[in-house]
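Note that the numbering runs from 1 along the sequence shown for the chain. Below, all heavy atoms of this structure are taken into account, side chains as well, without hydrogens, waters or symmetry copies.
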Amino acid sequence: MASNEVLDENKLIDDLMYRVTYVTKFIEFTGEDHERILELNELLVPLVGPITDAVYVKNFSYDITKESFTMKQEFFEDNINANVKTLKLDDPIIKFRKTMLSKYIKKLVTMPLDAKKIKYLDWVGEIHTDTKTKKSKINVEYIHCNALMGFVAGALLNIVQTATQEQLNITPEKKRQAVVALSKLLWVQNDLFVRHYIPREDSELMIARNKRLLKKERTPPLTVLKLFGSTLGTFVVGIAATVGALSFLSK
């Protein structure tokens, strides 16, 4: 994008490809970055099973995250154990969820970066919310999705960072680039979670807020970007801090 380009706020909310193009260019996620990620598949794909197991052990360590698996799940038709106290890691629903997570991690490091992958990453964000297109009404609060993705990111980045030359047959410089690239991709995924958790301007919540502000303060209606300016600012600062820290540690 050219310097000082004016962005369409509505398209940032409604147009998936427009939004992802903006975010990837802002954080400078390039085709070369994606090539570095694809070079990680031989290292990471064989470890998908242990990574997935670790994620669900973590999920089971808190009642509030474990409780999510006692509710009806999208695409799962069997009976579900609704008792959080007796739910076990080898229950059918957990095996099903592990399979879904395994597929996700594999796709992260094997799929080409095209419209199909972007739509898939967006679907991953959407499927955790209560939308009209879902059969189930499960709605996982963003705090838990964010925590889970942070755990997954930490696991993946640690594996890459600590891999030996024998485990990952690339140069140290390419490994450094791969760590930064994978971090950027996970930030793109995080934004596609946020996309489905921020209220739209025409949502009941946003309309109610605007009416209340107009009545009390006689100020112009808030837009999504104005209302969530601090969130977006934190997002940008977080990217800079993450990439900067990784670059520093790799020296």
Exercise for review: Give a yes or no on whether the backbone of Asp8 and the side-chain of Tyr18 come within a donor-acceptor separation of less than 3.5 Å.
Suggested key: yes

Check your understanding: Given the rule that I, L, V, M, F, W and Y join up when any side-chain heavy atoms are under 4.5 Å apart, are Val45 and Leu101 in one cluster?
Key -> yes

Review point. Quick one: are Val160 and Leu43 in side-chain contact, heavy atoms under 4.5 Å?
Key: yes

**Study point:** Listed once per pair and sorted, the salt bridge (Lys or Arg N to Asp or Glu O under 4.0 Å) pairs that draw on residues 49-59, sequence neighbours left out
**Key:** Asp53-Lys98

Point to revise | Polar side-chain atom of Asp91 near backbone of Lys88 as donor-acceptor pair, under 3.5 Å | key: yes

Point to revise | N/O donor-acceptor pair under 3.5 Å between Lys184 side chain and Glu28 backbone | key: yes

Exercise for review: Check whether more than 12 heavy atoms from other residues, nucleotides or ligands sit under 6.0 Å from atom CD of Gln167, and answer yes or no.
Suggested key: yes

Check your understanding: Hey, is the main chain of Val48 close enough, under 3.5 Å, to the side chain of Lys106 for a donor-acceptor pair?
Key -> no

Check your understanding: Taking the side chain as C-beta and beyond, is there a heavy-atom pair between His196 and Asp122 under 4.5 Å?
Key -> yes

Exercise for review: Please assess Thr52 against Tyr56 for the test side chain to side chain contact (heavy atoms under 4.5 Å, CB included), listing each intermediate value before the final yes or no.
Suggested key: CA-CA 6 Å; Thr52 301; Tyr56 276 86; 4.2 Å; yes

Review point. Do the non-hydrogen side-chain atoms of Leu44 and Ile105 ever get within less than 4.5 Å of each other?
Key: no

Point to revise | Shortest non-hydrogen contact from Leu87 toward Phe60 | key: O-CE2, 3.4 Å

Practice item. List for me each residue that meets ring pair (Phe, Tyr, Trp, His ring centres under 6.0 Å) alongside Phe193, sequence neighbours excluded, and say none if there are none. Key: His128

Check your understanding: For the side chain of Gln165 and the backbone of Ile170, is there at least one donor-acceptor N/O pair under 3.5 Å apart?
Key -> yes

Practice item. Decide yes or no for Leu38 and Val109: does some side-chain heavy atom of the first lie under 4.5 Å from some side-chain heavy atom of the second? Key: no

Exercise for review: Check whether the side chains of Asp15 and Tyr22 place a donor and an acceptor atom closer than 3.5 Å, and report yes or no.
Suggested key: no

Review point. In Å, rounded to the nearest 0.5 Å, how long is the span from CG of Leu168 to CD1 of Ile159?
Key: 11.5 Å

Check your understanding: If you look at every heavy atom in Cys145 and Tyr197, which pair is closest and at what distance?
Key -> SG-OH, 3.5 Å

**Study point:** Whether Asn59 side chain and Tyr62 backbone form a donor-acceptor pair below 3.5 Å
**Key:** no

**Study point:** Taking every non-hydrogen atom, the tightest pair across Leu89 and Val57
**Key:** CD1-CG2, 4.2 Å

Check your understanding: Applying side-chain hydrogen bond (donor to acceptor under 3.5 Å, both in side chains), which residue pairs with at least one partner in residues 35-47 are found, sequence neighbours left out?
Key -> Arg36-Glu39

Practice item. Following the transitive rule for hydrophobic clusters with a side-chain heavy-atom cut-off under 4.5 Å over Ile, Leu, Val, Met, Phe, Trp and Tyr, establish whether Met149 and Ile64 coincide in one cluster. Key: no

Check your understanding: Val188, Phe26: one ILVMFWY side-chain cluster at the under-4.5 Å cut-off?
Key -> yes

Check your understanding: Just by distance, do the side chain of Thr21 and the backbone of Met17 share a donor-acceptor pair under 3.5 Å?
Key -> yes

Point to revise | Spacing of CD belonging to Gln177 relative to CG belonging to Leu182, to within rounding of 0.5 Å | key: 13.5 Å

**Study point:** Between CG on residue Leu113 and OG1 on residue Thr24, distance to nearest 0.5 Å
**Key:** 7.5 Å

Revision key, fill the gap. Correct closest heavy-atom pair for Ile37 and Ala181 would be CD1-O, 3.6 Å

Exercise for review: Decide yes or no for Asp191 and Val20: does some side-chain heavy atom of the first lie under 4.5 Å from some side-chain heavy atom of the second?
Suggested key: no

Check your understanding: Atom CG in Leu121, atom NZ in Lys107: separation rounded to 0.5 Å?
Key -> 9.5 Å

Point to revise | Spacing of CG belonging to Leu186 relative to CZ belonging to Phe29, to within rounding of 0.5 Å | key: 9.5 Å

Review point. Is there a path of hydrophobic side-chain contacts, each under 4.5 Å between heavy atoms of I, L, V, M, F, W or Y residues, that connects Leu185 with Trp123?
Key: yes

Point to revise | Expected output: side-chain Thr65 to main-chain Ser61 donor-acceptor under 3.5 Å | key: no

Revision key, fill the gap. Closest heavy-atom pair, Arg19 versus Arg195, reported as atoms and distance to 0.1 Å, is CD-CD, 3.6 Å

Point to revise | Test item: side-chain donor near acceptor, Tyr104 and Gln189, under 3.5 Å | key: yes

Point to revise | Over 12 foreign heavy atoms within 6.0 Å of NZ, Lys119 | key: no

**Study point:** Spacing of CE belonging to Met100 relative to CZ belonging to Arg97, to within rounding of 0.5 Å
**Key:** 5.5 Å

Practice item. Keeping the roles fixed (side chain from Lys117, backbone from Met111), state whether a donor-acceptor pair exists under 3.5 Å. Key: yes

Practice item. Check Leu156 against Leu108 and note the closest heavy-atom contact, atom names and distance. Key: CD1-CD1, 4.4 Å

